[in-house]
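For reference, the structure is listed below as structure tokens.
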Amino acid sequence: MKKIMAFALTLVLLLAACPFSLAKGTEESNTFDAVLLQKGTLIVQENLYFDTIETTWREIKMQTVTLINVATGSKLYALRLEHKADRSTSIVSIDIDEIDGVITTLKYIKAHINELEDYSEIRYKTNSGLIVGAYYSSNRKQIFFEFKATDTEFIEIGEIDSLISKFEAAKQKLGQ
């Protein structure tokens with residue numbers, strides 16, 4: 001009897017978990033990375049140079065990306081950021097919806113960076129792992145783009161209006 005109850009309980013728990021995993025799978029299927037990973041689908045990817053973000057040490061190249069499903073004609077848009085560090089290149093793609101998150105974050109930083117105390121950070125993380133944010137310390141304020149733990153680029157806070165304009169222009173271009 002105990003084995004039957006244990007089996008029934010296990011079965012109920014497994015069935016309860018299934019709808020969540022199925023929902024998660026369908027939710028992610030429309031993301032930029034999920035489309036690129038689809039098997040058996042002919043996809044055309046168009047990367048077009050858009051702009052460059054000048055940073056403290058290097059630059060971040062911006063490209064607009066269009067993924068076209070040849071069979072259906074459907075299109076998906078993203079912004080691709082490429083950063084060359086000393087020995088490697090980091091590339092991330094931001095879905096068109098996440099561009100709004102980056103713009104909102106930059107506007108929030110602009111409005112609130114001077115209200116922070118001691119050492120504080122503001123961060124926004126995209127699905128691709130890019131972290132856009134800023135830090136405040138008693139002697140410095142900077143914006144940062146963290147592509148991965150070993151690749152972070154810093155931008156002077158005075159460039160924030162330029163950054164906002166570049167991301168707004170990219171969103172407008174992708175929305176056409």
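The basis for the numbers below is simple: all heavy atoms, side chains too, and nothing from hydrogens, waters or symmetry mates.
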Side-chain heavy-atom pair L130, F147 within 4.5 angstrom cut-off: yes

Under 3.5 Å donor-acceptor, S165 side chain and D161 backbone: yes

Pairwise salt bridge (charged side-chain N to carboxylate O under 4.0 Å, His left out) hits with a residue in residues 124-141, at least two apart: R140-E156

Partner residues of E153 under the side chain to side chain donor-acceptor pair (under 3.5 Å) criterion, sequence neighbours left out: T55, R58, H83

Taking every non-hydrogen atom, the tightest pair across A134 and I113: CB-CD1, 4.0 Å

Hphob cluster co-occupancy, F144 + I94, side-chain heavy atoms under 4.5 angstrom: no

Stepwise side chain to side chain contact (heavy atoms under 4.5 Å, CB included) test for V92 and T126: CA-CA 9 Å; V92 294; T126 67; 5.8 Å; no

Closest approach of K110 to I160 (non-hydrogen atoms, all atoms of both residues): N-CD1, 3.6 Å

same_hphob_cluster(Y136, I157) at 4.5 Å side-chain heavy-atom cutoff: yes

E117 atom CD, over 12 foreign heavy atoms within 6.0 Å: no

CA sep, side-chain torsions, deciding dist, call: I43, N69, side chain to side chain contact (heavy atoms under 4.5 Å, CB included): CA-CA 5 Å; I43 302 289; N69 182 324; 4.2 Å; yes

Basic-acidic side-chain contact under 4.0 Å: E168, K173: no

ring-ring contact (aromatic ring centres under 6.0 Å, His included) partners of residues 112-131, not counting sequence neighbours, each pair once: Y108-H112, Y119-Y135

All pairs passing salt bridge (charged side-chain N to carboxylate O under 4.0 Å, His left out) where residues 59-80 contributes a residue, at least two apart: R80-E82

Contact summary for S93 and S128, nearest pair of heavy atoms: O-OG, 3.2 Å

Heavy-atom check, side chain of K148 versus side chain of S88, under 4.5 Å: yes

Contacts of type ring pair (Phe, Tyr, Trp, His ring centres under 6.0 Å), residue F154, not counting sequence neighbours: none

Residue pair I96, L79: steps toward the side chain to side chain contact (heavy atoms under 4.5 Å, CB included) verdict: CA-CA 7 Å; I96 193 165; L79 182 64; over 6 Å; no

Any L76 side-chain heavy atom under 4.5 Å of T66 side chain: no

Partners meeting side chain to side chain donor-acceptor pair (under 3.5 Å) with T105 (sequence neighbours left out): none

Residues in side chain to side chain donor-acceptor pair (under 3.5 Å) contact with S162, at least two apart in sequence or another chain: none

Qualifying salt bridge (charged side-chain N to carboxylate O under 4.0 Å, His left out) pairs, either residue in residues 46-57, two or more places apart: D51-K166

Pairs satisfying ring-ring contact (aromatic ring centres under 6.0 Å, His included), at least one member in residues 88-107, at least two apart: none

Side chain proximity check, I164 to K107, heavy atoms < 4.5 angstrom: yes

Members besides V70 in its Ile/Leu/Val/Met/Phe/Trp/Tyr cluster (side-chain heavy atoms under 4.5 Å): L42, V44, I68

Side chains of T152 and F145 in contact at under 4.5 Å (non-hydrogen atoms): no

I122 and L116: CA distance, side-chain angles, deciding distance, side chain to side chain contact (heavy atoms under 4.5 Å, CB included) verdict: CA-CA 10 Å; I122 299 168; L116 303 176; 3.9 Å; yes

For the student: nearest non-hydrogen atoms of I99 and F167, plus distance: CG2-O, 3.6 Å

Atom of M62, atom of A170 and distance for their closest heavy-atom approach: CE-CB, 4.5 Å

Pair listing, salt bridge (charged side-chain N to carboxylate O under 4.0 Å, His left out) test, anchored in residues 126-137, at least two apart: none

D100: partners by salt bridge (Lys or Arg N to Asp or Glu O under 4.0 Å), with sequence neighbours left out: K171

Gap separating the CZ atom of R123 from the CD1 atom of I131, nearest 0.5 angstrom: 4.5 Å

